[in-house]
*Asks:* 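Got a structure for you, questions after.
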Amino acid sequence: MIEAVLPFFSPEKIADSGQAFRIHMLDSTHAETVAFGRYLQIADMGDSRYAFSCTADEFAGIWSAYFDLNRDYEKVVSSIDRNDNYLLSAAEFGIGIRILRQEVFETAISYIISQRRSIPSITTAVERICSLCGEKIVPYAPEPVFTAPSQNEFYAFPTPVRLAELSIEDLTATGVGYRAPYIARAASDFSSGKLIPDELAELPDSDLYRILMSMYGVGMKVANCIMLFAFARTSRFPVDVWIARIVDTYYGGNFDASRYPDSAGIMQQFMFYYERKRIS
DNA sequence: GGCCAGGCCTCGC
DNA sequence: GCGAGGCATGGC
């Protein structure tokens, strides 16, 4: 078990922010997730103290980067235009949200699935795909856990090879509908080595964007989400129906994301979370 | 039961 | 280059 003092960190808000589909709150202070083929629990101990059910090595080697713990979010928030009341409110409301650095293949598939679907529906489809062909994970935590896992077994997100083995019919049976061919093509692109995450990570934004946009079933919005949520390209500003609505309503149809060259994507996430939560 | 969902592809101009 | 139409299914 690892304990850390982490200001500007809220697993609850992150789980509810719609950027990741496999973080689950057991209650308001206990989160669990599966990533990198591992099961993790996080407990909120109060006073910005958090406990993670992993070893120090795993924390330093995996989860710290995954939760973007080395970025100064106070600085990000304080960089907001003092005249931008909407964004100031959104950021205050969303303090604790961080931009996760998720696995590339999982992010690509998840956001291909996301098009024209609600977040609960995306979660269901992702979970079905994992249990269909992901590797089984027994939720054993190497260090003392804080509460019982919600299930006896979990499934990793499938590898590109395993997903590429599925037929279109198999995919359709998971409820992904007309996106099945998109998923099949993406699985093929990654399993064949046409797309290699480590190589993509080395590319400048413009090249990475162009390559992602060339994928079948990936347009501007999904490409930007993959860049933001898997490659930590925080200058990207994905525009979906919510953001478009916000920009129309509060910014007269024009929000200049280039004002935040290092954090536009974080601002986007604050806006998205704020607008969705306060309506619901 | 109807409506809408973190869009994208294809086609016609 | 750009706008309209169509799209499988799940949740509320």
Side-chain angles (χ1 to χ4, degrees), chain A residues 13-24 87 90 93-94 97-104 106-132 157 166-189 195 209-251 253 255 257 264-280:
Chain A
K13 289 184 189 175
I14 292 169
D16 199 24
S17 69
Q19 62 174 302
F21 305 103
R22 304 202 70 199
I23 304 178
H24 172 230
L87 186 50
F93 187 81
I97 291 175
R98 286 171 179 261
I99 302 296
L100 303 186
R101 188 172 188 132
Q102 302 181 63
E103 294 172 271
V104 171
E106 174 174 344
T107 308
I109 299 297
S110 298
Y111 278 91
I112 286 172
I113 291 172
S114 79
Q115 59 184 267
R116 229 179 118 73
R117 292 190 78 151
S118 65
I119 289 173
S121 166
I122 300 162
T123 302
T124 300
V126 170
E127 218 45 58
R128 283 180 184 167
I129 284 178
C130 292
S131 56
L132 181 62
F157 196 86
L166 298 185
S167 66
I168 297 293
E169 291 72 27
D170 293 334
L171 287 170
T172 303
T174 66
V176 297
Y178 66 86
R179 306 159 195 81
Y182 303 159
I183 294 168
R185 186 85 73 89
S188 165
D189 287 345
L195 297 178
Y209 184 65
R210 182 174 45 75
I211 289 175
L212 293 174
M213 284 289 288
S214 74
M215 293 175 67
Y216 185 50
V218 174
M220 291 188 292
K221 190 271 174 180
V222 170
N224 279 316
C225 283
I226 298 169
M227 290 182 72
L228 179 58
F229 299 128
F231 292 100
R233 305 299 172 96
T234 48
S235 66
R236 310 306 289 197
F237 188 81
V239 177
D240 69 335
V241 291
W242 286 91
I243 296 297
R245 203 177 298 148
I246 290 165
V247 170
D248 277 346
T249 306
Y250 304 104
Y251 295 93
F255 178 81
I266 301 171
M267 304 309 178
Q268 189 268 13
Q269 201 60 16
F270 284 145
M271 296 159 110
F272 180 75
Y273 179 77
Y274 183 51
E275 198 68 15
R276 271 180 16 95
K277 293 303 291 181
R278 65 184 189 140
I279 285 176
S280 64

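Naming convention: chains lettered A, B, ... in sequence-line order (proteins, then strands); numbering from 1 in each chain.
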*Asks:* State which residues pass side chain to side chain contact (heavy atoms under 4.5 Å, CB included) with Ala223(A); sequence neighbours excluded, sorted by chain then number.
*Replies:* Tyr209(A), Leu212(A), Met213(A), Val218(A)
*Asks:* At under 4.0 Å between heavy atoms, what does Gly219(A) touch on the DNA or RNA strands: base, sugar-phosphate, or nothing?
*Replies:*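 Sugar-phosphate, no base atom in range.
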*Asks:* At 4.0 Å (heavy atoms only), tell me whether Val239(A) reaches a base, stays on the sugar-phosphate, or touches nothing.
*Replies:* nothing
*Asks:* At 4.0 Å (heavy atoms only), tell me whether Tyr273(A) reaches a base, stays on the sugar-phosphate, or touches nothing.
*Replies:*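 If one applies the 4.0 Å heavy-atom cut-off, Tyr273(A) turns out to touch nothing in the nucleic acid.
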*Asks:* Listed by chain and number, what are the ring-ring contact (aromatic ring centres under 6.0 Å, His included) partners of Tyr250(A), not counting sequence neighbours?
*Replies:* Tyr86(A)
*Asks:* Using side-chain hydrogen bond (donor to acceptor under 3.5 Å, both in side chains) as the criterion, list what pairs up with Ser235(A), not counting sequence neighbours.
*Replies:* Asp205(A)
*Asks:* Please measure how far the P atom in dG5(C) lies from the corresponding atom in dG6(B), and state the result in whole Å.
*Replies:* 23 Å
*Asks:* Sequence neighbours excluded, which residues qualify as salt bridge (charged side-chain N to carboxylate O under 4.0 Å, His left out) partners of Asp16(A)?
*Replies:*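 Only Lys277(A) meet the salt bridge (charged side-chain N to carboxylate O under 4.0 Å, His left out) criterion with Asp16(A).
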*Asks:* Planes under 30° and centres closer than 5.5 Å, is that true for Phe272(A) with the base of dG6(B)?
*Replies:*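 Yes.
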*Asks:* Fill in the dot-bracket string of DNA chain B, one character per base: . for unpaired, | for a pair to another strand, ( ) or [ ] for pairs within the strand, taking Watson-Crick or G-U pairs under 3.5 Å.
*Replies:* .||||.|||||||
*Asks:* Which atoms of nucleotides 11-13 of chain B (N or O only) lie under 3.5 Å from a protein N or O atom, and what are those distances?
*Replies:*
none

*Asks:* Run the ring-ring contact (aromatic ring centres under 6.0 Å, His included) test against Phe229(A) and tell me which residues pass, sequence neighbours left out.
*Replies:* Tyr111(A)
*Asks:* For Asp248(A), which residues count as a side chain to side chain contact (heavy atoms under 4.5 Å, CB included) partner, sequence neighbours excluded?
*Replies:* none
*Asks:* Which comes earlier along DNA chain B counting from the 5' end, the contact point of Gly217(A) or that of Ala20(A), where each point is its nearest nucleotide?
*Replies:* Ala20(A)
*Asks:* Let's test your reading of the model: under 3.5 Å, does the base of dG6(B) pair with the side chain of Gln269(A) as donor and acceptor?
*Replies:*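 It does, because a donor-acceptor pair links the side chain of Gln269(A) to the base of dG6(B) below 3.5 Å.
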*Asks:* So which protein N/O to nucleotides 10-12 of chain C N/O distances come out below 3.5 Å?
*Replies:*
unit_1: dG10(C); atom_1: OP1; unit_2: Arg128(A); atom_2: NH1; d: 3.2
unit_1: dG10(C); atom_1: O4'; unit_2: Arg117(A); atom_2: NH2; d: 3.4
unit_1: dG11(C); atom_1: OP1; unit_2: Thr124(A); atom_2: OG1; d: 2.5

*Asks:* Apply side-chain hydrogen bond (donor to acceptor under 3.5 Å, both in side chains) to Tyr216(A) and list each qualifying residue two or more places apart in sequence or on a separate chain.
*Replies:* none
*Asks:* Among residues at least two apart in sequence or on other chains, which ones pass side-chain hydrogen bond (donor to acceptor under 3.5 Å, both in side chains) with Arg236(A)?
*Replies:*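 So Arg236(A) forms a side-chain hydrogen bond (donor to acceptor under 3.5 Å, both in side chains) with Asn224(A).
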*Asks:* What's Val176(A) touching, base or sugar-phosphate or nothing? Going by heavy atoms closer than 4.0 Å.
*Replies:* nothing
*Asks:* What residues, two or more places apart in sequence or in another chain, satisfy side-chain hydrogen bond (donor to acceptor under 3.5 Å, both in side chains) together with Glu127(A)?
*Replies:*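 Glu127(A) satisfies side-chain hydrogen bond (donor to acceptor under 3.5 Å, both in side chains) with Arg22(A) only.
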*Asks:* Using a heavy-atom cut-off of 4.0 Å across all strands, would you classify Ile112(A) as base, sugar-phosphate, or nothing?
*Replies:*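 No contact.
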